[in-house]
Amino acid sequence: MPMTPLEELRHSCSHVLATAVLRLFPEAKLDIGPPTETGFYYDIDIDRKLTTEDLARIEAEMKKVIDENQPFLRKEVSREEAAEIIRKIGQERYKLGRLADIPAGEAISFYQNGEFIDLCAGTHVRYTSKIKAYKLLSIAGAYHRGDEHNKQLQRIYGTAFATREELAQHLERLEQAKQRDHRKLGKDLKLFVIDDDVGQGLILWTPAGSIIRQELQNFISEELRKQGYSQVFTPHIGKLELYKTSGHFPYYKESQFSPVIENESLARILKEGCSCGEMMARLEAVSGRLAEQVNQRTGKTTIGPERVKPDAQLLDGFLLKPMNCPHHIKIFSSQPRSYRDLPVRLAEFGTVYRWEQSGELNGMTRVRGFTQDDAHLFCTEEQVGPEMIGCLALVKVILTTLGMTDYRVRVGLRDPDSAKYTGDPENWDKAEAACREAAKTLGVPFTEEPGEAAFYGPKIDFVVRDVIGREWQLGTVQVDYNLPARFDLSYIGADNQPHRPVMIHRAPFGSMERFCGVLIEHFGGDFPAWLAPEQARLVPISDKVNAYAEELLALAKAAGVRVTLDSHSDKLGAKIRRAELEKVPYTLVLGGKEAETRSVSVRSRSRGDEGAMPFDAFLERLTAEAKTRALPAKR
RNA sequence: GCCGGCGUAGCUCAAUGGCAGAGCACCUGUUUUGUAAACAGGUGGUUGCAGGUUCGAUUCCCGUCGCCGGCUCCA
């Protein structure tokens, strides 16, 4: 694929970067330096730690390279010549491997600018002087070939644009992004906190944030009722046995909190003096009975003999649930089901816990405990298609209501070359076809991506692009033929024979935490009235009208409005400013005039001063706005 | 988990190998205000935590915890 002019510019800039680095640090070994969506980087292996001061030096050296106006010259060579050049310039360490990656028959080329020559498919701008606006941004560690078993190189990130104005705009956008970062706004607006004493990645929802979450949950619950879902509640833990049956433990052991071992089991193994290794082995082992059952239901050796131990050695314990499905499955299987009962749709705001690596945690968007707006649908083969469509429609309604219209849909299919998938290929074909058909009904562009499926079935993900261009995987709908077999689920069909239901997992928001995080940034804290923790603020201009203000406060509260009264002795301007900074949608100014006419002067955060109106009329307007879940008017 | 950077008042940020400071917020008083900051005073700190070097460490060193930017990962 040919590079766009901007990619070409950035790629050239990364060569200039490498040129400068080699001038300053001739011993540096280079790996690769491609353009990215917003800039470029170059991965460099060098013994000294690069610092931000080094960045400034490198940037200064880059300016010289650019001022030298070096032409970029392309040279096509044979594989042998290429290896020879790489050896000559002392860059064997990574470049020989990169050379080996080039498939036979493809052209092998070098690009040279000044003294610097690099194995590179191109393309480049003609002269280094074409690079007019660039900036080095940061240094980061990056594993060679993205594999954590390889050496970690130092990656220098930078960006470049065609003009200085565009570069300045880009840097300005980065600054704006920082201003609407949910971690900053979450602190400023007191939406959530994370406390070390509670734990990393564990969100404490403060009163204000809880209102937003509760409103979202109310919203989604309303939609679920319309669509025939049943609400359920299940506990935060489940026995290890349950997750051994489902296959989550120990298969995903690395990303789970350690199990809680029952006191009796713990006492027994302490008495036996078991090592930690032996303890883990016993925890992960299953009974012969379970192995036999699961293997029979799934029709293959899902649980190998090495994991089977005598019953007397097994340890009992509980797992903080990493998923809600096993609990919902147990509700489904708690009574006989007829085909007439299907589909059974069980929904829960279910909190799950996963052991994310510490370096991965990020505000509300990557956490260790989170609440999925989860549901599991148990249906017949024939119902998979229509149910999928229903799920997708739900996600669409939600995103539209919130004004999140910039999203794409990804149909995750199995990777034909991988053996990690469970279930028989026939079912996979059917499920993939159902996903594809359902996606078509959305009227939104979608991509099919092999390798993106879950191990138990294909899925449809909604990838939302936020205001500053980042993509977030939020809503997801997944088809599952695996768990119904592992749990031996059945329903009685019209033929009076047992049949295996199909499960659909779906979560329109994904998790409340991530979704709220993205939503905070989406609105930049300016929530629509229905979500705003504080919907209106009464601002008396002097304490002469405090009594009137108190009266309105009581009336508004009685009408269900989230309202406060600012009775500080500040001047009006200061109160307005405070309300603006706290992003309250409506500020109601009260003075003598208003008190006489039982009115309020309305200042809308999105539209400014709107003049006076009767208080009752305002209440009606706000209530309607919240009820219809209207989006804030554009400024 | 890995690489790098950073941890000073509730927030934003100063400062120094020698008594830790400002603005905002908060409290008190004065002011009674008409659409983005009235005035004055006051409270607030084991400088993330734990060691070491030193007469003396917030500053230098080691460890640890956390945060930030990446990498890896995300059923």
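Atom set for the values below is all heavy atoms of this structure, side chains included, hydrogens, waters and symmetry mates excluded.
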task: Scan A/Gly573 against the nucleic acid and name what it touches under 4.0 Å (heavy atoms): base, sugar-phosphate only, or nothing.
output: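 Sugar-phosphate contact only - A/Gly573 comes under 4.0 Å of backbone atoms but never of a base.
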query: Which part of the nucleic acid, if any, lies within reach of A/Thr587 when heavy atoms closer than 4.0 Å are counted: base, sugar-phosphate only, or nothing?
result: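 Nothing: the residue A/Thr587, judged by heavy atoms under 4.0 Å, touches no strand.
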For the side chain of [X], starting at C-beta, report the closest nucleotide among [options].
X	options	answer
A/Asn362	B/rG69, B/rG66, B/rA75	B/rG69
A/Gln478	B/rU32, B/rA75, B/rG34	B/rA75
A/Arg183	B/rA36, B/rG69, B/rC73	B/rG69
A/Tyr157	B/rA75, B/rG34, B/rC71	B/rC71
A/Leu572	B/rU35, B/rG70, B/rG1	B/rU35
A/Lys187	B/rU12, B/rC73, B/rA75	B/rU12
A/Lys49	B/rG4, B/rA38, B/rA36	B/rG4
A/Ala142	B/rU12, B/rU35, B/rC71	B/rC71
A/Arg366	B/rG34, B/rC73, B/rA36	B/rC73
A/Arg603	B/rG1, B/rA75, B/rA36	B/rA36

Answer with yes or no whether [X] presents, from its side chain, a donor or acceptor under 3.5 Å of a partner atom in the base of [N].
X	N	result
A/Ser542	B/rG34	no
A/Arg578	B/rC24	no
A/Tyr143	B/rG70	no
A/Glu356	B/rG1	no
A/Gln152	B/rC2	yes
A/Arg155	B/rC3	no
A/Ser569	B/rU31	yes

[atom1]-based separation of [M] from [N] [nearest Å]:
N	M	atom1	result
B/rC19	B/rC13	P	26 Å
B/rC39	B/rG23	P	12 Å
B/rA14	B/rG1	C1'	36 Å
B/rC67	B/rA22	P	31 Å
B/rG17	B/rC55	C1'	12 Å
B/rG48	B/rU59	P	8 Å
B/rG21	B/rU43	P	13 Å
B/rC11	B/rG44	C1'	13 Å

Report the distance from atom [atom1] of [X] to atom [atom2] of [N], rounded to the nearest whole Å.
X	N	atom1	atom2	result
A/Lys575	B/rA36	NZ	C1'	15 Å
A/His505	B/rA75	NE2	C1'	10 Å
A/Asp570	B/rC39	CG	P	11 Å
A/Leu50	B/rC3	CG	P	15 Å
A/His149	B/rC2	NE2	C1'	12 Å

- prompt: Ring centroid separation for A/Phe249 and A/Tyr243, is it under 6.0 angstrom?
  reply: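 Between A/Phe249 and A/Tyr243, the centre distance exceeds or equals 6.0 Å.
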message: Taking the six-membered ring for Trp, are A/Tyr456 and A/His505 closer than 6.0 Å centroid to centroid?
response: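 Yes: the rings meet the under 6.0 Å criterion.
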- request: Please determine if A/Arg465 forms a cation-pi arrangement with A/Trp472, meaning its NZ or CZ atom is less than 6.0 Å from the six-membered ring centre and no more than 45° off the ring axis.
  value: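 Relative to the ring axis of A/Trp472, which defines the angle, A/Arg465 lies outside at least one limit.
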message: Both conditions, 6.0 Å and 45 degrees, for the charged tip of A/Arg10 above the ring of A/Phe40: are they met here?
response: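 No, A/Arg10 and A/Phe40 do not form such a contact.
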Presence of A/Gln200 side-chain N/O under 4.0 Å of B/rG66 phosphate oxygens OP1/OP2: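 So the side chain of A/Gln200 is within the cut-off, an N or O lying under 4.0 Å from OP1 or OP2 of B/rG66.
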- prompt: Is the shortest side-chain N/O distance from A/Ser255 to OP1 or OP2 of B/rC74 below 4.0 Å?
  reply: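 Result: no.
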Nucleotide opposite [N] in a Watson-Crick or G-U pair, distances under 3.5 Å:
N	answer
B/rG69	B/rC3
B/rC26	B/rG42
B/rU31	none

Whether A/Thr298 side chain and A/Val294 backbone form a donor-acceptor pair below 3.5 Å: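 Such a contact is found between A/Thr298 side chain and A/Val294 backbone.
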